[in-house]
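What follows is one structure encoded as structure tokens, with my remarks underneath.
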Amino acid sequence: MCGVIGYIGTGVTPEFFYNGLKRLEYRGYDSAGIAMLEANKIYIERAEGKLTNLQKKLSNLPKSAHLGIGHTRWATHGKPTEQNAHPHRSDNIILLHNGIIENYKELKEFLLTKNYVFQSETDTEVAAHLLNYELKKLNNSNSVEDNMKKAIFSLVKQIRGAFAFGIICTDEPDTLYVVKYGSPIVLGIGENENYMASGIAALVDHTREIIILEDNEIAFLKKDSIKIVNFSGNEITREPITVNWSSNMLDKNGYDHFMLKEIHEQPQAVAQTINGRIDRNQGTVDLKAYGIHKINLKQIDRIQIIACGTSFYVSCLAKYYFEEFTRIPVEVDLASEYRYRSSTVNENTLCIAVSQSGETIDTLQAIKFAKENKAKTLAIVNAPGSSIAHVCDDESLIYAGPEIGVASTKALSAQLSSLLLLALGMAQEKNKKDKNYIANCLEDLSKVPSLIEKTLALSKPIKEITLKYQHMDNLLFIGRGQQWPVALEGALKLKELSYIHAEGYAAGELKHGPIALIDENMSVVCLAPKDQYYEKTISNIEEIRARGGKILSIGTEGDTSLQAISDDFIPVTKCSHIALPFLTTVPMHLFAYWIAVRRGNDVDQPRNLAKSVTVE
Ligand code: M6R
């Protein structure tokens, strides 16, 4: 979950590392550190808390160095203190780590018997000392580089878990060593300089030529070359990919927070995701352009969608569309549970992994399990070359652009539009819906970007409404049909951003228990647009009112009867059932956003969270 960056070349300033870490801060933000090697002297600065604390120490680092590494941490082992911040040192070894070393205790016990002294409570320091120990065992007449290679091979054989390491050996100042197993790492190619980072975002100011390092690989970076070998020692040749992210995609561009910017980027996120994938003349989905190359959709008789968090709620939403369009049974699973429930799949099952980052470990492990059990696997991800995409038979990118805010917003809309395209594409392949129906749905989907654009105007009135709700301790969110996952998403966003306790429920489920919570102190956010469930949802709202509960409703523009029974009313434009969940999600995000702002919370980096969750 941490952010790492590394450089080798003709020279960079401490700000290079700091700015790169800033781009990765969404991955972890409880402490940070930088190591720079110049004139054979190593300088290390670390600080507890956000990166700004490290910024104050940059002047202690050399003005320029030709080799260095930086880290921003999301604590797993040991508190978020300066002592536990990376990089960690063992004599001539300086090492930083993204991941978890599961057998660190037994390794630590062994190293203590060898008189290693531990300065931190981290699992990472074990790796630094173990590498040092392995290095010391080797013959001094070999070159340091050869010995480092051998020592790294020994290290990776002994550790279990997930790790991406950036390593400097002060005796070998011309090489930056990078090791990957289970945690993401990309390499960047520059002119007379090369880079490594845990995400492309850290490198786009310097290069667009990226090599994705794969599991079980070690890279040896010199200023003018990159050599990759696998853990068996075989040399690997890999072509770089060119990424088209620009620096300004990674800036706030005048918005106060990335989250607000990203909410406003939803129209483009949807437009870019569907563009080029709809044959407008034929009114069909172009499944090749969508990314279906190896999977034969005609053969699929069951679908499983696997995801976490917001990606899970999008998948729950998509289930309604898949079942409606294709009449194929669909299960949606939380990835963290899927792996452990002996799911039965076969070669006719399509397992779809939905993940913005493409790196969520639970989703990755779950889709690997599905693949091992012969299911066809499809990745729907935002990050090109991500681990989840790498594992799956086919990969379909969403084009949301980089999402920096920890709370997922524009990725949700892009994921939903992608899943809708797939559901319609499957209906088309399996002849489950007539041509006109599919063409009309695609037409409805094409209108989504402009409808979201219009809905964004709600930001101001929602900001006003939140004045009343900002001090609440509890809130319920309810909806029926497609609005149920929207309610779940609304509750998740409120929890993660405002730290207010919130629960989402299917409106019809209220009477089976949660209605006991309703009294004059409870407010309920009711998703009640004019859809096929409208009348039943209204009855549920009445039941809440009868018990004194307060109603904040999200309904169809002009619905005066809903407005009349609500304490507050947020109207969305009347639209097709394809577009509707896109529109009702916007107020969910804005509501959570404005409440968090009013409460003075850190919207882009809420407490205890990280953007991409690469630990179990
Ligand atoms: O990168 P992913 O889509 O796999 O991430 C899944 C969840 O961790 C993510 O959606 C998380 O729940 C967000 N913080 C929600 O806003």
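One-based numbering, in listed order, for ligands and for the atoms of each. Counting begins at 1 with the first residue of the sequence. These figures come from a predicted structure and were not determined experimentally. Every heavy atom of this structure was used, including side-chain atoms; hydrogens, water molecules and symmetry mates were not.
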Item to check | Identity and distance of the protein heavy atom lying nearest atom 5 (O) of ligand 1 | outcome: T360 OG1, 3.5 Å
Next on the checklist: I'd like to check M522 versus N474 (side-chain heavy atoms, cut-off strictly below 4.5 Å). Are they in contact?
Outcome noted: yes
Checklist entry - Would you call M196 and I5 a side-chain contact if the rule is heavy atoms closer than 4.5 Å? => result no
Checklist entry - Are the aromatic ring centres of H577 and Y321 under 6.0 angstrom apart? => result yes
Checklist entry - Nearest to atom 16 (O) of ligand 1, what protein heavy atom do you find, and at what distance? => result E496 OE2, 2.4 Å
Checklist entry - Which protein heavy atom lies closest to atom 8 (O) of ligand 1, and at what distance to 0.1 Å? => result V613 CG2, 4.0 Å
Checklist entry - Can a non-hydrogen atom of K493 be found less than 4.0 Å from any atom of ligand 1? => result yes
Next on the checklist: Does R607 qualify as a cation-pi partner of Y499, given the criterion of NZ or CZ under 6.0 Å from the six-membered ring centre and within 45 degrees of its axis?
Outcome noted: yes
Checklist entry - Going by the atom numbers of ligand 1, which of them fall below 4.0 Å from some non-hydrogen atom of S408? => result 15 (C), 16 (O)
Checklist entry - Among protein heavy atoms, which lies nearest atom 13 (C) of ligand 1, and at what distance? => result V406 O, 3.7 Å
Item to check | Whether K376 side chain and I352 backbone form a donor-acceptor pair below 3.5 Å | outcome: no
Item to check | Nearest-neighbour protein heavy atom for atom 9 (C) of ligand 1, which is reported as residue plus atom name and distance | outcome: T310 N, 4.1 Å
Next on the checklist: Side chains of V4 and I69, heavy atoms from C-beta outward: is any pair under 4.5 Å?
Outcome noted: no
Checklist entry - Taking only heavy atoms of S357, which atoms of ligand 1 are found under 4.0 Å from at least one of them? => result 1 (O), 2 (P), 4 (O)
Next on the checklist: Taking the ring of F163 and the ring of H97, is the distance between their centroids below 6.0 Å?
Outcome noted: no
Item to check | No-hydrogen, no-angle side-chain donor-acceptor test under 3.5 Å, S523 and K468 | outcome: no
Checklist entry - Relative to the heavy atoms of S355, which atoms of ligand 1 are at a distance of less than 4.0 Å? => result 1 (O), 2 (P), 3 (O), 4 (O)
Item to check | Protein heavy atom at shortest distance from atom 12 (O) of ligand 1 | outcome: G309 CA, 3.3 Å
Checklist entry - If you count the atoms of ligand 1 from 1 in the order shown, which ones are under 4.0 Å from a heavy atom of S311? => result 2 (P), 3 (O), 10 (O)
Checklist entry - What is the closest protein heavy atom to atom 7 (C) of ligand 1, and at what distance does it sit? => result C308 O, 3.7 Å
